[in-house]
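Note: hydrogens, waters and symmetry copies are ignored here, and every other heavy atom, side chains too, is used. None of these values were measured; they are calculated from a predicted model.
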Amino acid sequence: MPGSRTGRPPVQRASRRPVLPRPARENPVRRSYTRARKAWDRPLTAYYLIVGASVLITVLGLVMVYSASQITALQLSLPGSYFFRKQFLAAAIGGGLLLTASRMPVRLHRALAYPILAGAVFLMALVQVPGIGMAVNGNQNWISLGGSFQIQPSEFGKLALVLWGADLIARKQERKLLTQWKHMLVPLVPVAFLLLGLIMLGGDMGTAIILTAILFGLLWLAGAPTRLFAGVLSVAGLIGVVLIKTSPNRMARLACIGATEPKSGVADCWQAVHGIYALASGGIFGSGLGASVEKWGQLPEAHTDFIFAVTGEELGLAGTLSVLALFAALGYAGIRVAGRTEDPFVRYAAGGVTTWITAQAVINIGAVLGLLPIAGVPLPLFSYGGSALLPTMFAIGLLIAFARDEPATRAALAVRQPRFGRKRAGGSGAERGPRRWNTMRRRASAARPSGER
């Protein structure tokens with residue numbers, strides 16, 4: 001080995017290791033978004049949204065009914081919890097209907113469509129019989145069940161139209177008859193107009209608007225041509241204009257849109273203006289639960305049609321936005337169930353229920369905010385009224401049953417296991433094998449033809 005100039009052996013230098021590029025750090029915001037999107041796309045998302053949102057809306061509604069109805073009950077010489085107890089009883093019965101509907105197979109829902117429609121038409125016709133039907137707030141659409149219990153058959157007409165209309169359109173789609181306009185309109189539109197006529201005989205235009213929205217939702221889901229859809233919409237709009245023009249009460253309600261002060265004369269706008277006062281005095285977090293001022297005789301129907309105004313006064317903007325978020329989640333879940341199913345009946349029924357609940361919530365909240373005329377419709381699952389609560393909770397049970405019927409959801413529910421409880425057989429620790437959650441994800445991925453990602 002040759003030496004160096006200094007006489008020392010040369011130093012052997014170690015070869016340098018290749019410098020590997022460091023992995024780029026993932027943006028925390030993007031990572032959180034990716035995780036949230038994966039959680040949002042899980043098979044059970046729609047199922048949990050429907051169950052969670054409906055339960056929270058109902059429970060919060062019970063709390064607000066108790067708070068908003070105390071003064072009204074005392075003014076009528078009744079116990080302060082009178083309306084709350086009746087609403088709680090209706091919610092308990094509705095919970096039973098919800099569980100029953102959620103466990104029923106789809107074919108049984110289809111079998112119930114015609115009996116429910118026949119029963120609703122019979123009861124709605126019975127309302128017009130003197131001595132049987134009752135008038136409440138000028139509308140002849142109630143039947144007394146004895147004592148303080150009453151029933152409004154027109155609320156069950158919404159459920160009847162959804163089930164019967166979905167079954168009718170699904171059968172026609174299976175026979176490939178929806179390409180002909182006469183099969184798309186007949187007998188769906190005539191039967192819907194029959195229900196609307198029976199409702200309008202009692203003067204309840206608010207319920208008629210909801211029924212019209214359900215009809216348009218079914219036609220839109222069925223793929224009605226634009227000309228046909230516009231024609232039916234024009235006829236319905238013309239009839240609505242005539243009904244409004246010929247009624248001083250409806251004209252007065254129309255004149256109260258955007259009112260900020262009570263007016264003298266026919267359109268006094270007292271209810272609309274005091275609803276705005278309640279919302280304005282609530283602020284961000286409200287005056288506190290039970291501390292509403294407007295419910296002390298200033299705001300009519302504080303526990304029914306205008307319960308959203310009392311919610312805004314006592315819980316503030318945070319409370320009202322929470323209610324809106326819950327309805328938005330429920331509407332999204334309904335659209336997701338309708339869009340990801342391959343069963344025509346499930347698609348039409350889920351779309352009809354979603355249209356019903358969403359349209360009714362928009363009309364009620366829009367009236368409280370002064371953006372729409374006061375139509376006299378309750379806030380679904382929230383306002384006081386057992387006649388409105390029972391069919392709505394049955395409809396929520398329909399959505400739950402449809403969400404459970406998806407192949408990916410069935411696979412996820414089949415392998416789901418409580419976190420706490422009996423241990424699985426097969427040893428402990430590493431001997432137990434893979435977690436059930438991994439199995440569920442594999443089985444859910446295998447069921448992707450249902451539309452779940």
Between the side chain of Asn141 and the main-chain N/O of Ala135, is any donor-acceptor distance below 3.5 Å? no
Scan side-chain atoms only and decide if Gln70 and Tyr82 contain a donor-acceptor pair under the 3.5 Å cut-off. no
Side chains of Tyr332 and Leu49: closer than 4.5 Å at any heavy-atom pair? yes
Could you go through Leu178 and His183, starting from their C-alpha distance and side-chain angles, then the distance that decides it, and tell me whether this counts as side-chain contact (heavy atoms from CB on, under 4.5 Å)? CA-CA 6 Å; Leu178 292 181; His183 285 288; 5.6 Å; no
I'd like to know if the side chain of Arg110 and the backbone of Phe345 have a donor-acceptor N/O pair within less than 3.5 Å. no
Donor-acceptor check, side chain of Gln271 to backbone of Leu299, threshold 3.5 angstrom: yes or no? no
Would you mind reporting whether Ile57 and Val323 have side-chain heavy atoms less than 4.5 Å apart? no
Interatomic distance, Leu98 atom CG to Leu399 atom CG [nearest 0.5 angstrom]: 9.5 Å
Would you call Asp167 and Arg171 a salt bridge, taking side-chain N to carboxylate O under 4.0 Å as the test? yes
With no hydrogens and no angle check, is any side-chain donor or acceptor of Gln140 less than 3.5 Å from a backbone partner on Gln128? no
Say whether, by atom type as modelled, one donor and one acceptor occur between the side chain of Trp270 and the main chain of Gln298 under 3.5 angstrom. yes
What are the two closest heavy atoms between Ala403 and Tyr47, and how far apart are they? CB-CA, 4.1 Å
Which residues pass the salt bridge (charged side-chain N to carboxylate O under 4.0 Å, His left out) test with Glu294, not counting sequence neighbours? none
cation_pi(Lys86, Tyr384) dist<6.0 Å, angle<=45: no
Check step by step if side chain to side chain donor-acceptor pair (under 3.5 Å) holds for Gln87 and Tyr66. CA-CA 9 Å; Gln87 185 74 356; Tyr66 181 65; over 6 Å; no
Please tell me if the side chains of Leu219 and Leu188 come closer than 4.5 Å, counting only heavy atoms from C-beta onward. yes
Partner of Glu314 under side-chain hydrogen bond (donor to acceptor under 3.5 Å, both in side chains), picked from Ser67, Ser287, Ser281, is Ser67
Is there a side-chain contact between Pro187 and Leu168, using heavy atoms and a 4.5 Å cut-off? yes
In Å and rounded to the nearest 0.5 Å, what is the CD1 to CG distance from Ile374 to Asn249? 10.0 Å
Look only at the side chain of Thr358 and the backbone of Thr355, and say whether a donor-acceptor pair between them is shorter than 3.5 Å. no
Gap separating the CD1 atom of Ile93 from the CG atom of Leu389, nearest 0.5 angstrom: 9.5 Å
Which heavy-atom pair separates Lys295 from Gly290 by the least distance, and what is that distance? NZ-O, 3.3 Å
Less than 4.5 Å apart, any side-chain heavy atom of Phe394 and any of Ser102? no
Just by distance, no angles: are the side chains of Thr72 and Gln75 close enough, under 3.5 Å, to form a donor-acceptor pair? no
Answer with yes or no whether the side chains of Glu313 and Ser292 bring together a donor and an acceptor at under 3.5 Å. yes
Determine whether Tyr348 and Asp343 satisfy the following criterion, side-chain contact (heavy atoms from CB on, under 4.5 Å), listing intermediate values before the conclusion. CA-CA 9 Å; Tyr348 299 133; Asp343 190 332; over 6 Å; no
Please indicate whether Tyr114 has more than 12 foreign heavy atoms, meaning atoms of other residues, nucleotides or ligands, lying under 6.0 Å from its OH. yes
Are the side chains of Pro153 and Ile143 in contact, using a 4.5 Å heavy-atom criterion? yes
Taking all heavy atoms of Thr320 and all of Thr311, pick out the closest pair and write down the distance. CG2-C, 4.4 Å
Under 3.5 Å, is there a donor-acceptor pair between the Ser387 and Gln150 side chains? no
Without hydrogens or angle criteria, can the side chains of Gln152 and Asp204 be said to hold a donor-acceptor pair below 3.5 Å? yes
Any non-hydrogen side-chain atom of Trp356 less than 4.5 Å from a side-chain atom of Val162? yes
Leu289 and Met64, any side-chain heavy atoms less than 4.5 Å apart: yes
Do you know which two heavy atoms are closest between Ala401 and His109, and how far apart they sit? CB-NE2, 4.1 Å
Show the nearest heavy-atom pair for residues Ser383 and Pro378, with the distance to one decimal. CB-CB, 3.6 Å
Between CG of Leu379 and CZ of Phe308, what distance do you get to the nearest 0.5 Å? 7.5 Å
Residues Thr392, Phe382; criterion side-chain contact (heavy atoms from CB on, under 4.5 Å); working and verdict: CA-CA 11 Å; Thr392 306; Phe382 203 83; over 6 Å; no
Gap between atom CG of Leu201 and atom CG of Leu196 - 0.5 Å precision: 11.0 Å
Does Arg250 use its side chain to pair, donor to acceptor, with the backbone of Lys245 at less than 3.5 Å? no
Looking only at atom types and distance, does a side-chain atom of Thr45 sit under 3.5 Å from a main-chain N or O of Arg42, one as donor and one as acceptor? yes
Check Ala350 against Gly334 and note the closest heavy-atom contact, atom names and distance. CB-O, 4.2 Å
Spatial distance of atom CD1 (Ile244) from atom CD1 (Ile239) [nearest 0.5 Å]: 12.0 Å
Mind running side-chain contact (heavy atoms from CB on, under 4.5 Å) on Val191 and Trp164 for me, showing each step along the way? CA-CA 10 Å; Val191 171; Trp164 177 80; 3.5 Å; yes
Thr341 side chain vs Ala338 backbone, donor-acceptor pair below 3.5 Å: no
